Enquirer: 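Here's a structure for you.
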Amino acid sequence: MHIRDKIPTIGSPIERRLAADYGAIFITTATAAPKIIFKDDAEVRAFQALLDVRRFTLGSYEIELQAVAVEGLIAATNVAAEGGKEIGARAADSGARAYGDTLALWNRNVSRGLDHWITEGKLTAERARSVRDLAGTEQVRAVLEMEDSEDIYFSTYFDKSILYSVAAPGASQHLSLLAVDISEYQDERIEAILAGHGWYRTVTSDLPHFTYLGHPESDLPGLGLRLSTLRYDSHTYRFWTADLDAAGI
Ligand SMILES: [Zn+2]
């Protein structure tokens, strides 16, 4: 098995960028999405309907994920409990999401960004409206192009790409029911326990976000993933991402 054999067809520069940011998930031993980005709610529902799904309580919230991913998480919480630690979900939407959830998060950032850049004088109200009126992938393309070519950014603090703050709608790993946002993400012991049960950070800079890959960590380089680390607030965070260039993708 290798990421180059598992990653769906990449049909555009935007899909390639999304694959670079979120693509590690396609090496999962669970069921990966059939495409880089879902086009709409109907596509997401059709995919989620095929999955073997299990609900469970993680800390204060009940969440829903693919059954095999839940099994890994339950085993991890048991090991953590033996060491007197808890693994909890950050919020009610920390596990499964619907397409509409990812769209709402995206729209919130885009809308705040457009307002900000009008105030800054870098966008006219008319141009902002034309971006607001775009739908789905067309709007994703317009936003990422503004970031790339005009330095008009849509992250939470308007200083870098929106993809650092929120996934493109239809490309969130939460749609695959293989991602969970963890409260104790700063605890390196929790990170190691999760890794021991197939759960890893796979989205650079999204610190609480873990993805179910299901493989032992020592296998990940051979599957086409690359380890990077981020030092932040006296913690070192580890990320496994898809190395597209090295994989010849
Ligand atoms: Zn997440």
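Numbering of ligands and ligand atoms starts at 1, following listing order. As the structure is a computational prediction, the values presented were derived from the model and not from experiment.
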Enquirer: Students often mix this up, so state it plainly: with edges at 30° and 60°, are the rings of Phe158 and His116 parallel, tilted or perpendicular?
Expert: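 If you compare the ring of Phe158 with that of His116, the planes turn out parallel.
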Enquirer: What protein atoms of element N, O or S are positioned under 2.8 Å from the Zn ion (ligand 1)?
Expert: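 As for protein N, O or S atoms lying under 2.8 Å from the Zn ion (ligand 1), they are His174 NE2, Asp181 OD1, His209 ND1.
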Enquirer: Give a yes or no answer on whether the side chain of Trp117 reaches the backbone of Tyr153 with a donor-acceptor pair at less than 3.5 Å.
Expert: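 The answer is yes, because a donor-acceptor pair under 3.5 Å joins these two groups.
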Enquirer: Is a side-chain donor or acceptor of Asp233 paired with a backbone partner of His235 at a separation under 3.5 angstrom?
Expert: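 Pair absent, no side-chain N/O of Asp233 close to backbone of His235.
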Enquirer: Assign the ring pair His209 / His174 to parallel, tilted or perpendicular, where the plane angle (0 to 90°) is split at 30° and 60°.
Expert: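 Because their plane-to-plane angle is over 60°, the rings of His209 and His174 count as perpendicular.
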Enquirer: If you round to the nearest 0.5 Å, how far is CZ of Arg201 from OH of Tyr237?
Expert: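 So the gap between those two atoms works out to 6.5 Å.
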Enquirer: Taking side chain to side chain donor-acceptor pair (under 3.5 Å) as the cut-off, I'd like each qualifying pair that reaches into residues 136-145, sequence neighbours left out, listed once.
Expert: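 Matches after skipping sequence neighbours: Trp106-Gln139, Glu138-Arg141.
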